[in-house]
Trainee: 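To start, I am sharing the structure in question, which I have written as structure tokens.
When a ligand or atom number is given, it counts from 1 through the structure's own listing order.
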Amino acid sequence: MKVYKFGGASVRNADGVRNLHKIIGEEQHLFIIVSAMGKTTNALERVFAGVQQGDRAAAQEAVDGLRQYHAEIIDDLWHGPTHLASVDGFFSELERIVAETDYRPEDAELWYDTIVAFGELISTTIISEYLRFAGTPNQWLDMRQCMRTEQRHKDAAVDMEASAPLLRQAMAGADETIFIGQGFIGGAPDGSTTTLGREGSDYSAAVVANLLDAESMSVWKDVDGVLNADPKIFPDAVQIAELNYLDTIELAYSGAQIIHPKTIKPLQNKHIPLYVRPFGDKRKPGTVIRGMSAPVQVPILILKKDQVLLTIRSRDFSFVLEEKFSAIFSLLERFRLKANLIHNSAVNLSLCVDETWHIDEAVEALRTAGFDVMKTDRMELLTIRGYTTELWERYARGPQVFIRQSTQSTVRIVRKRG
Ligand code: ASP
Ligand code: MG
């Protein structure tokens, strides 16, 4: 069995779906994990925000936009106005949630997961039906039933042991050897829908690869492979042919949009190679990620955008802030904030975190717990692995640099957005 993963960008329109079909070609024994189409998850976050803020009209408007967007893809794929009952069903369910939810703040994350999961449910349904229509029989799976996660919303980890038999049962007895399942979503022990964190479909695919002892996993992307930098930001970017697991985790953690950082562990445990391959051309080699690859030789630049710098100080000016680290970090954990960079002095702890809607609540809670907190918006985090003097001169200096942390090979820079 091979696992193929298609991200939202690669199935953002009908051409993308037709291309997916072309990539499958005559292959059998595939498990295909698909994300929500295009920017659907962002739109669903707006649906949730409407529900959260009691603005049902705004939520409904976002749903209307999504209906329209998916309807156009369906019409294009089936060459004329077409209704898929299963897709209509999902939209009705979503509309019912928008119209009828009795929202309580303590259920925010439950509703978030329940709502955003529709993106993947709808994309996989369209793709499964289209493949069948185009002559490729396949079995659609509801990953809420086979991907058992911990009882935690928005960023749930998969319970591998519990999921293994569920996934096998769901696949057993199928005549087809091509399976289509949603990335990003799962089900908690209490039966509610969970999600694995934004961009979590890679992780879903890696978990499936692990559970099925797949021979390989391929992520089909709109790039030729993994580059040493984002070419939109750093014009001299070059492609990397091979990466090892360790470098990949470091890169992903620093914000390289190769794959979700959680993806590697399930693959590494079973020595499954990961291919990052160009969606547009199946013959191109892409990049292969596996255990035995040598460390990368070129400098790697990774820019993590939309960061906020929190500077935390103990209000009584105590010089033993270390003693309070565990209190601070468990508070951040409660608000799902992850520190992308940590910097401490005698009295200050500075944290660079992703800009999310939890930050203000976390700042409030920190203040209540007796800390002074300063929040600096509009920051970004630049990591350069294997920096050269030239790169240092170009990026690690200047008034926009707030924090600079360096080792012999790596420098990390928190800077004001340009
Ligand atoms: N659709 C989800 C997201 O956009 C998951 C993914 O794309 O991997 O975050
Ligand atoms: Mg996506």
Side-chain angles (χ1 to χ4, degrees), residues 3-13 16-17 20 31-49 62-63 65-66 69-70 73 87 90-91 94 109 111-128 141-144 147 149 152-158 180-187 193-209 217-223 226 248 251-253 255-267 274 276-277 279 304-306 336 338 354-358:
V3 175
Y4 279 2
K5 183 258 170 176
F6 293 88
S10 49
V11 292
R12 69 179 189 280
N13 53 29
V17 178
L20 179 153
F31 200 111
I32 303 174
I33 289 283
V34 188
S35 305
M37 291 173 158
K39 303 261 180 256
T40 297
T41 308
N42 293 353
L44 287 165
E45 285 189 340
R46 290 197 291 280
V47 174
F48 165 73
V63 177
L66 284 172
Y69 167 63
H70 288 89
I73 293 175
V87 172
F90 282 130
F91 274 110
L94 184 55
E109 296 185 328
W111 287 116
Y112 175 92
D113 281 354
T114 308
I115 290 170
V116 299
F118 280 94
E120 272 71 12
L121 290 167
I122 292 167
S123 69
T124 49
T125 302
I126 295 173
I127 288 165
S128 170
L141 295 176
D142 186 339
M143 298 303 276
R144 294 173 299 184
M147 197 65 104
T149 70
R152 170 193 172 110
H153 290 286
K154 261 196 116 184
D155 185 20
V158 176
I180 315 269
Q182 306 78 43
F184 181 53
I185 73 173
T193 303
T194 52
T195 61
L196 314 181
R198 284 301 308 262
E199 306 305 325
S201 296
D202 295 331
Y203 175 48
S204 301
V207 168
V208 168
M217 165 174 160
S218 296
V219 176
W220 297 90
K221 285 179 91 81
D222 54 356
V223 290
V226 178
T248 309
L251 291 178
Y253 175 78
Q257 310 224 308
I258 318 171
I259 43 148
H260 195 283
K262 288 198 277 189
T263 311
I264 295 300
K265 187 168 178 274
L267 298 176
L274 168 63
V276 178
R277 302 173 68 179
F279 187 61
K304 219 173 164 94
K305 292 182 175 172
D306 302 324
R336 305 281 187 275
K338 287 193 196 94
D354 292 340
E355 199 179 300
T356 68
W357 48 272
H358 294 291

Trainee: Does any N or O of ligand 1 fall below 3.5 Å from an N or O anywhere on Thr41, backbone included?
Mentor: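 Between Thr41 and ligand 1, an N or O pair is found under 3.5 Å apart.
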Trainee: Under the rule for salt bridge (Lys or Arg N to Asp or Glu O under 4.0 Å), what residues qualify as partners of Lys221, not counting sequence neighbours?
Mentor: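 Lys221: no salt bridge (Lys or Arg N to Asp or Glu O under 4.0 Å) contacts found.
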Trainee: Counting heavy atoms only, name the option from Ala36, Ser201, Ser123, Gly197 that's nearest to atom 8 (O) of ligand 1.
Mentor: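 The residue whose heavy atom sits nearest atom 8 (O) of ligand 1 is Ser201.
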Trainee: Mark up the atoms of ligand 1 that fall under 4.0 Å of a heavy atom belonging to Phe184, in ascending order.
Mentor: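 In order of numbering, the contacting atoms are 2 (C), 5 (C).
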Trainee: Is Lys338 paired with Asp155 through a side-chain N to carboxylate O contact shorter than 4.0 Å?
Mentor: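 Judged by the 4.0 Å cut-off on N to carboxylate O distance, Asp155 and Lys338 do form a salt bridge.
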Trainee: Run the contact test for Gly183 against ligand 1 with a 4.0 Å cut-off on heavy atoms, strictly below, and give the result.
Mentor: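 The answer is no: ligand 1 sits nowhere under 4.0 Å from a heavy atom of Gly183.
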Trainee: Can you tell me which portion of His260 lies within the under-4.0 Å heavy-atom range of ligand 1? Options are side chain, backbone, both, or neither.
Mentor: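 Neither; no heavy atom under 4.0 Å.
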Trainee: Hey, mind stepping through Trp111 and Phe48 against ring pair (Phe, Tyr, Trp, His ring centres under 6.0 Å) and telling me if it holds?
Mentor: CA-CA 7 Å; Trp111 287 116; Phe48 165 73; 9.1 Å; no
Trainee: If the condition is salt bridge (Lys or Arg N to Asp or Glu O under 4.0 Å), which residues does Asp306 pass it with, not counting sequence neighbours?
Mentor: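 Once residues adjacent in sequence are excluded, the partners of Asp306 under the salt bridge (Lys or Arg N to Asp or Glu O under 4.0 Å) criterion are Arg417.
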Trainee: Taking only heavy atoms of Glu120, which atoms of ligand 1 are found under 4.0 Å from at least one of them?
Mentor: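 Checking each atom against Glu120, I get 1 (N), 2 (C), 5 (C).
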Trainee: Tell me the closest heavy-atom pair linking Met217 and Asp202, and the distance in Å.
Mentor: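 In this case the closest contact between Met217 and Asp202 is CE-O, 3.5 Å.
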Trainee: Kindly assign one of parallel, tilted or perpendicular to the pair Tyr203 and His260, based on the angle between their ring planes and the thresholds 30° and 60°.
Mentor: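 Ring orientation, 0 to 90° scale: parallel.
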Trainee: Are Lys39 and ligand 1 in contact, using a heavy-atom cut-off of under 4.0 Å?
Mentor: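 Checking ligand 1 against Lys39, which is what was asked, there is no heavy-atom contact under 4.0 Å.
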Trainee: Check ligand 1 against Arg198 and write out every atom of the ligand that is under 4.0 Å from a heavy-atom position of the residue.
Mentor: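 Answer, ordered by atom number: 3 (C), 4 (O), 9 (O).
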